[in-house]
Structure formats: C-alpha cells, structure tokens
Amino acid sequence: MSGFEVRNSEAELYKFRVRIAVVALVVLLMFGVLLYRLFVLQVVRHDSFAERAESNRTAVVPIVPNRGQILDRNGIVLATNYSAYTLEITRSKVPDLEATIDELSQLVEITPRDRRKFKRLMDDSKRFESIPLRSRLSDEEVARFTAQRWRFPGVDIKARFFRNYPLEDVAGHVVGYIGRINQREQEALEDSDDYANYRGTEVIGKLGIEQSYEKQLHGTTGWEQLETTAGGYAVRRLNSRPATPGDTVVLSLDVGLQKLVEDLYGERRGALVAMDPRNGEVLAMVSKPGYDLNLFVDGIDQENWDFLNNSIDRPLLNRALRGTYPPGSTYKPFMAIAGLESGKRKIETTIQDSGSWTFGGHTFRSGHPNGPTNLRRSIIKSSNVYYYMLANDMGVDTIHEYLSPMGFGRQTGIDLVGEGRGVLPSTEWKRNTYKRPEQKKWYAGETISLGIGQGYNHFTMVQLAYATSMLANHGIQHTPHLGKGTVDAVSRQFKPLYREEGTSMGYKPEHVEAVRSALAAVTVEGTSRFVFGGAPYTSAGKTGTAQAVTVGQKEKYNAAKLAEHQRDHSLYIAYAPAENPKIAVALIVENAGFGAAAAAPIARRVFDYWLLDQYPSEEDMAAVRKGQVGRPIGTPRSGQAMMARYERMALPGVGAARVLENLSGGDVAAPRAPELAAPAGAEPEVED
C-alpha cells in the first residue's frame, strides 16, 4: 500500500516539474516577445515614433501669401487685394458649435450659403484653425459683435484679404478671375511640384491672366509651427516663416484704349484685338458683352450665374480668344500673298471680273463687275471673282500650306490658356472631321468660297490680328502676348518677360509690298475711304462682310427680313501709320452688316486715340454705336485727360511712374505725336 503511494507521489512530482518547465518556457517566450517588441519600439522605430510624438505635440499651420496684383502698361490696377473683416470660429474653443452659430445669427446676418461654405471649410481644416463664418462685415456688424464678444469664446473678428477688380467688367475676359479650387484642380495640384506651396490656399486663377500667370501671382506659402495639447488646443508658437506675396504682373494692355473700344461697341456683340506689330504686344483685347469680375470673387450666386450662363449673347465667351468667325473679305490680302508666293499669280496678272464666275455648272456671285482686275485692284475693289479663280487654281491643300504659317487654323501661342484653333480646311481635315464616306470627300466646288473667306474657314480675332501684324511688319511675325513683365514682391524691381525675336516668313519683299500698297489704297480710294478721310496719318486696311447664315446664290440678302442674330458680320483689319505701323487691329461687330459701316469706324477711333491722343466726343461715340457715322464728328477730347480717372488706382508705393521708368523704351505712356496727313480719294464707295 505504501509502495503504491510512493509511486504516485513520484508521478505527481514528475508532472509538476513538467508543468513548471512548460510555464517557465512560456514565460521566457513571452519575455522574449516583450523584449523583441521593446527593441523594435525603442530602437528600430525610434525615429518614426519620435516624429509622430512631435507631430502630436506640434502642428504646422500654413500662412497663405497675398496674391500679386495685375497692372496695365501705365500702372493702372486691374486686379488687387483689399482687407475686410471676417467673423471666424476656432472649433476647439467652442463647446456647442451649432448653438453658437445660431446665437451669432442674432447679431450679424448669416445666410444658409454662409453655413454651407463654413461646413465645407470645416471638413478640410483642423480643430485649432480659425475658419471664416461670415466675410466682409460692415462696421455696424463689427461693432455689434464686439460689444457681445464676451459671450462667444472661440469666436473673433479678423482681417483677411479679398480679391478686387476695381474696373469691374473692363478687360474682364483678359484679366479673368479667381475661384475656389475644385476637385479637378486639386488633383492636378497633387500631381504637380507646387502642391506643397498650395497648402491652405482656397482659391486659384480660373481664366485670363489670373489663370495663365498663376505661378507668378500666387506667391510662396509660409508656415507657423504651434505647440498643441492632446485636445487640439494651441499653446504657443515655436517657429515660423512668413509668406512671400505674389509678384505683380504688368500687362502690355492699355486701359484707356481698352475702355474706349468697349464703350464704342456699346450693347453690340463682337471682338477686337489691337497689337503692336513691331513686338507682338497686345494693346487691347475686347470681347463684348462682358461681365463684372467681382461677381466671382466669393462664389457667384445662382441668379447671376443663370443669367450669364443662359444669355443668348454669351457674355462668358471670350470672343477674341475663342470665338471663331468666317473672315470674309479680310482674308483676301492673305490669299493674295499665298497666290504670289505659290507662283499661281504674278503681281501684274489680270483677270476679267464680270460680276460672277461659273464653275461646274454653278454660278458664284460677286455683287458687282470690276472689269479688268489685277492684284491691286482686287483688294481695293474687293473682287470676289479674282479670289474665286485664285482659290480654284491653288486648291485647298495648297491654300492650307501657305495660310497655316500665317497663323490661321492653329494656336498663335498667345500667353492665355484656352486659345481657339479655328478651322483652316484641308482634305486631311475633312477626312478626320466627318464620319460618313460621302462627307469625308473633298469636292472641288468647296474650294471656291474659301478664296473669299467663307466656306469652312473659321478663325479667331487673335489669329486675324496676328496675320495682319505680320503684313504690317513687312512679313516678320511676333508671337502675340499680354504679359510685359513682373514687379518682384521683395525687391520691387521690374523684370521684363523673355520674348523670342521676330520670325521672318521668307516672303519676297516685292510680294509683301504689293499687298501693303493695295491695303493702303483701300483707305484712300476703296471701301473705307469715307471713314478715314481727313485723317492726319496714313493707314492701310481691308473691310469684310461675313455671312452668319447661308444665303442661296439665287437669293438676295435682305437684313430687314432676317432675325438680328442671322445678319451678316462686319469685319475690318488695319494698321497705321501705313509706312511704319505702330498698331494693327482686327475686329468684328456681330450681325452689323458691311465692314465699312460698323467695324471700320471703330478702327478709325482706335488709331486716333493711339496716334493722336484723341478721344471721341460723346456725340461721335453715340453715333458709332448705332453704325451711323464714318469719320469722327464733334470735338474730340484729350485721351490723357480721360485716362486721369484711372490714375488714382495706380499701385501705391510703385505707381505708374515707377513701373514705366523700368519698361523698355521708356516711352510707353508718352503723349502720342500726330502723323502726317494722308491724301483723300474721290471715287464712289464700293461695298465688299
């Protein structure tokens, strides 16, 4: 009995020892795991956790830079910033956010739109950051809140900068506007090298110069490093780097000229581009109708958006940059150059213009017979027959080959985003554009109307001004541009923007001069002589009338029987002085009829302002808007005197004089000297 008990005790002792060993092994393994984990945390991942701990203890808050200003060539402010009071909330300091906002609405007006915007900002912000609830408070609202501030911990009044466009709709399509960064723009920024520089930035340039020169205007974002509690409360500032404001962008645009043209258009639709043919500077770029840029600064309301977006006049469309039109007879000088350079015509080649031309059993009308017609007479009298025949002899692909380098049917490279390409047709273009086999084929009869700027031809006013400037500059092209230079935000020094030298088209000088001579004769004995009669300077130009809707060959055009939007467009291209041009223009007045009636009078006032410093009388401007006058009437006013109203908007501290003294040439704002008088012609007017 006792032996059995001894054996039992030995077995139990053995089991106990096994258990102890297992437990000890488990304990050792657990300690091993703990030691390993401790090694990983303390040694391997030390830097990572130290950084995370520091991040929990501190926060880096971006400091958004002030956006750079936009000036015209004379230092007149087109876009600037102003300081205004905002009502802001720091959520980490507010116990009940909704109740606080409701109580605040009893003191200052807080609209549902304000609440929605606040919620959007709240989703993208940290608890210790101050978020604007209401912008641009009045002095009375500031006073009411200040008296009750003790009731609202975490709520304060702060001063923020807002974008402002002092001239409202003047040059609106050129300047563009800023708006809240949308999802597509956010994704583009995230994929770019500038993403870090946009931390905290809510707005970005949307159109015009604001968009195209975003990099220069935005500036460099600064930062503040704050020590925070676990609850997100800021305790103190540890370090900081101030933001660097954006540079000021100086444009080649002249506000006086821009405003003059916009006033001359009145309520009519259309576009004008004026360039200095010597260097490609854009002096005016008008698109009518326009809109007040300030509507978009803080987000446009639905009512104004619906009006602008749904208007039949399409005020949001930049007609000068993106609007495409058939050029009508303004295309003929460029066809003439192409005919000479391709060898299809000689300067002295003469054809018989009987008033119409028949091809393949189809008669193309011309309007009036011109008899024996050479190149010079074809431009002066605007002979359709001459260019019907020339287009047929050249063929569509040869026309494309010679007209494309002039800038037609392609982007000119102007420094604005969104430039239209237009259409300069070719057999390849038609094959790629249409789907059905019968549409893809080019028919010889389609080539004929191309010669007079109709058919598939559709171009922008920038392209037409670009080509006109090339002719004015004796066959040398300069890329059109609006940016003249920048004023550095730190040094306050003007830096001209780099521009390439002009490119020669390689045309024979006698060919260019033959066309230039004919264009100069248009204003003396051709379709625009009654507009430019008596001008104390020479000019060269070409009128054009382009169909808005197709009129059958056997039908007679009658504007009175057509809806206003279906009437012919009025076009004009010109430059002055004719011998040594300083300005070239291309313009269209939509649905206004003959080029000499509506478009050419505007060009005359542009030249008078730029060359003579003459601003039209009120009587003259009213008559031009109605298309009722050719040469100026009434006593002109001083252009410099009219500009004085804008001088108060010049950039403080830099100002017009400081900017201009650094600009190349130093005479961009100097009074414009009168030119020599030109002789006047006496032949009856001929409409194209």
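Worth saying up front: this structure is predicted, and the values here are computed from it rather than measured.
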Can you check whether Leu264's main-chain N or O pairs, donor with acceptor, with Arg268's side chain at less than 3.5 Å?
yes
How long is the straight-line distance from CG of Asn473 back to CE of Met275, given to the nearest 0.5 Å?
9.5 Å
Compare every heavy atom of Ala574 with every heavy atom of Thr468, then report the nearest pair and how far apart it is.
CG2-O, 3.8 Å
With heavy-atom distances below 4.5 Å as the criterion, would you say the side chains of Thr460 and Leu321 are in contact?
no
Flag, side chain of Asn164 to backbone of Thr80, donor-acceptor distance under 3.5 Å:
no
Side chains of Tyr466 and Gln477, heavy atoms from C-beta outward: is any pair under 4.5 Å?
yes
Residues Gln258, Val170; criterion side-chain contact (heavy atoms from CB on, under 4.5 Å); working and verdict:
CA-CA 7 Å; Gln258 180 82 18; Val170 176; 4.2 Å; yes
Atom pair OG/NE2 of Ser383 and His368 - distance to nearest 0.5 Å
8.0 Å
When you check the gap from the basic side-chain N to the acidic O, do Arg319 and Glu590 get nearer than 4.0 Å?
yes
What one should report as the nearest heavy-atom pair of Leu390 and Met335 is CD2-O, 3.4 Å
Run the numbers on Ser382 and Thr543 for side-chain contact (heavy atoms from CB on, under 4.5 Å), then give the verdict.
CA-CA 8 Å; Ser382 199; Thr543 55; 5.5 Å; no
When the ring planes of Tyr177 and Phe296 are compared, do they come out parallel, tilted or perpendicular, using 30° and 60° as the limits?
parallel
Using side chain to side chain donor-acceptor pair (under 3.5 Å), reason through Asn384 and Arg365 one step at a time and then give a plain yes or no.
CA-CA 8 Å; Asn384 282 353; Arg365 63 188 178 188; over 6 Å; no
Donor-acceptor pair, distance only, cut-off 3.5 Å: does the side chain of Thr330 make one with the backbone of Gly544?
no
Side-chain heavy atoms of Val273 within contact of Leu464, under 4.5 Å:
no
Let me see the working for Tyr572 and Ser528 under side chain to side chain donor-acceptor pair (under 3.5 Å), right down to the final yes or no.
CA-CA 9 Å; Tyr572 195 63; Ser528 61; 3.0 Å; yes
Supply the atom-to-atom distance Asn374 CG to Asp353 CG, rounded to the nearest 0.5 angstrom.
11.5 Å
Close side-chain approach of Ile476 and Arg278, heavy atoms under 4.5 Å:
no
Main chain of Val417, side chain of Ser212: is a donor-acceptor contact present, judged purely on distance under 3.5 Å?
yes
So how far is it from Leu450 CG to Ile452 CD1, rounded to the nearest 0.5 Å?
9.5 Å
Centroid-centroid under 6.0 Å between Tyr325 and His458 rings:
no
Strictly below 4.0 Å, N to O, side chains only: are Arg625 and Glu267 in salt-bridge contact?
no
Mind listing the closest non-hydrogen atom pair of Val524 and Ala520 along with its distance?
CG2-O, 3.6 Å
Is any side-chain heavy atom of Lys582 closer than 4.5 Å to one of Tyr537?
no
How close do Pro289 and Asp313 get, counting heavy atoms only, and between which atoms?
CD-O, 3.7 Å
Would you find a donor on one side and an acceptor on the other, under 3.5 Å apart, between the side chain of Ser617 and the backbone of Pro636?
no
Mark yes or no for whether Arg322, through its side chain, and Leu317, through its backbone, hold a donor-acceptor pair below 3.5 Å.
no
Looking only at heavy atoms, what is the nearest atom pair of Lys381 and Glu525, with distance?
NZ-O, 4.1 Å
Going by side chain to side chain donor-acceptor pair (under 3.5 Å), Tyr387 matches just one of Ser449, Ser378, Ser366, Ser329. Which one?
Ser378
How long is the straight-line distance from OG1 of Thr527 back to CD1 of Ile380, given to the nearest 0.5 Å?
10.0 Å
Phe459: ring-ring contact (aromatic ring centres under 6.0 Å, His included) partners, not counting sequence neighbours:
Tyr331, Phe408
So does Lys288 pair up with Glu262, basic N to acidic O under 4.0 Å?
no
Measuring from Asp263:CG to Glu618:CD, what's the distance to the nearest 0.5 Å?
8.5 Å
Taking all atoms of both residues into account, what is the closest heavy-atom pair of Ile347 and Ala514, and its distance?
CD1-CB, 3.8 Å
Residues Arg516 and Glu513 bridged, charged N to O under 4.0 Å
yes
Where do Thr350 and Thr373 land on the side-chain contact (heavy atoms from CB on, under 4.5 Å) test, with the steps shown first?
CA-CA 5 Å; Thr350 301; Thr373 302; 5.6 Å; no
Can you check side chain to side chain donor-acceptor pair (under 3.5 Å) on His481 and Glu281, steps first, answer last?
CA-CA 5 Å; His481 58 272; Glu281 290 184 354; 4.7 Å; no
Would you indicate whether the side-chain heavy atoms of Ser570 and Ile588 approach each other to under 4.5 Å?
no
Measuring centre to centre across the rings, with the benzene-like ring taken for any Trp, is Tyr291 within less than 6.0 Å of His173?
yes
Here the salt bridge (Lys or Arg N to Asp or Glu O under 4.0 Å) pairs for residues 407-422, sequence neighbours left out, are Asp415-Arg499
Judged by atom type as modelled, is there a donor-acceptor pair below 3.5 Å linking the side chain of Arg377 to the main-chain atoms of Asn370?
yes
With side chain to side chain donor-acceptor pair (under 3.5 Å) as the criterion, how do Asp254 and Asn74 come out once you've worked through the C-alpha distance, each side chain's angles and the decisive distance to 0.1 Å?
CA-CA 7 Å; Asp254 185 282; Asn74 301 304; 3.0 Å; yes
In the structure I gave you, are the side-chain heavy atoms of Leu78 and Tyr165 within less than 4.5 Å of one another anywhere?
no
What verdict does the side-chain contact (heavy atoms from CB on, under 4.5 Å) test give for Leu283 and Arg73, after you've listed the backbone C-alpha separation in whole Å, the side-chain angles of each residue and the deciding distance to 0.1 Å?
CA-CA 9 Å; Leu283 307 174; Arg73 67 189 298 117; 3.5 Å; yes
Min side-chain heavy-atom separation Tyr265-Leu587 under 4.5 Å
yes
Please list all pairs passing the salt bridge (Lys or Arg N to Asp or Glu O under 4.0 Å) test where one or both residues lie in residues 597-612, with sequence neighbours left out.
Arg604-Asp608, Arg605-Asp620
